[in-house]
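One-based numbering, in listed order, for ligands and for the atoms of each. Residues take their numbers from the sequence shown, with the count starting at 1.
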Amino acid sequence: MKALSTSQRATTKPAPDGADLPEHIPTHVAIIMDGNGRWAKQRGLPRIAGHRAGTENLREILRACVEFGIKILTIYAFSTENWGRPESEVKGLMRILEDVIDRELKELDKEGVQLRHIGDLTAISADLQRKVSNAIEQTKNNDRLILNVAFNYGGRAEIVHAIREIVKEGYEPEAIDEALVSRYMYTGTQPDPDLIVRTSGELRTSNFLIWQGAYAEYYFAPVFWPDFNKEELRRALVHFNERDRRFGLAE
Ligand code: FPP
């Protein structure tokens, strides 16, 4: 998207639910779903209850993305660093991934969601790997929304993986450029994220899409992920519309 003029920035259009939606909808939104643990702690619940609430919330946000016309949503569900969490929490997060596939796949497929995975699946159980692969296969022709689930994902690990693949393919150094490296990222030919949202008020990128996010706009929402609802997403889109994206160019 080119830089927006002042008049463009002020424009809104009605969303299907009647409320105003900003004119420019980002094609690709990525979310760091942070704050589940603190949300649970505030309620005297175990951390995994926060992750469960966060999973419920994902439904509302997925629906809102389709409604708002966002074409790609990338969510950070499990990082390469998350293996260092207590075993019960790691197991709980694996279980959530399995439950989401078992319980939600049919509905996601019906809604036209194309499921993709980014990250390294080899570290998870063979059974779960199979489930993920089947879900990807089943939904591969859907085109309403691409949902990239970053699971056992790390931005640096992704870059290392890309370099290894490029070397294996035997590319000459002169043939390696940014477009080629991008194609070897897990997101392949998908457009880079336009907007990266992090909930819970933390101001870090935490190794998320560090290659693809080079020119993304960042929005930090002051609420924990389970409380990030459709209105919060709308607010993020309004902020996105107020930004002047120049991609390093002069005004
Ligand atoms: C960060 O909050 C959140 C995570 C590490 C997990 C996010 C996972 C989900 C919302 C479940 C959806 C999963 C799938 C597979 C679809 P935190 O635990 O770091 O929160 P804290 O900073 O408050 O402790």
When distances are taken from atom 15 (C) of ligand 1, the protein heavy atom at minimum range is Leu97 CD1, 3.6 Å
What protein heavy atom lies closest to atom 8 (C) of ligand 1? Include the residue and the distance to one decimal.
Ala77 O, 3.7 Å
the protein heavy atom lying closest to atom 10 (C) of ligand 1 turns out to be Asn36 ND2, 3.3 Å
Determine whether the side chains of Arg183 and Thr189 contain a donor N or O and an acceptor N or O closer than 3.5 Å.
no
For Asn82, atoms of ligand 1 separated by under 4.0 Å from a heavy atom
5 (C)
shortest atom 3 (C) of ligand 1-to-protein heavy-atom contact is with Met33 O, 3.1 Å
So with a 6.0 Å cut-off around CD of Glu81, is the heavy-atom count from everything else above 12?
yes
Atom pair CZ/CD1 of Phe228 and Ile61 - distance to nearest 0.5 Å
5.5 Å
Under 4.0 Å from a heavy atom of Leu58: which atoms of ligand 1 are those, numbered in the order shown and with their elements?
16 (C)
Which residue from Thr55, Val100, Val132 reaches closest to atom 12 (C) of ligand 1 through any of its heavy atoms?
Thr55
Could you identify the single nearest non-hydrogen protein atom to atom 4 (C) of ligand 1 and state the distance to 0.1 Å?
His51 CE1, 3.8 Å
Glu169 and Arg164 ion-paired at < 4.0 Å:
no
heavy-atom search around atom 19 (O) of ligand 1 in the protein gives Arg85 NH2, 2.8 Å
Of the backbone atoms (N, CA, C, O) and the side-chain heavy atoms from C-beta on, which set of Arg47 has a member under 4.0 Å from an atom of ligand 1: side chain, backbone, both, or neither?
side chain
Answer yes or no: does an N/O atom from Asp34 fall short of 3.5 Å to an N/O atom of ligand 1?
yes
Should the ring pair Phe208 and Tyr76 be called parallel, tilted or perpendicular, given that the plane angle runs from 0 to 90° and is split at 30 and 60?
parallel
Could you check atom 22 (O) of ligand 1 against the protein and tell me its nearest heavy-atom contact, residue, atom and distance included?
Arg38 NH2, 3.0 Å
Leu58, Ile32: one ILVMFWY side-chain cluster at the under-4.5 Å cut-off?
no
May I ask you to decide whether Arg47 forms a salt bridge with Glu89, counting only side-chain N to carboxylate O separations under 4.0 Å?
yes
Out of all atoms in ligand 1, which are within 4.0 Å of some heavy atom of Gly37? Include the element for each.
17 (P), 18 (O), 20 (O), 21 (P), 23 (O), 24 (O)
Gap separating the NE2 atom of His161 from the CE atom of Met185, nearest 0.5 angstrom
10.0 Å
Taking Arg63 first and then Glu60, would you say they form a salt bridge - that is, a charged N and a carboxylate O separated by under 4.0 Å?
no
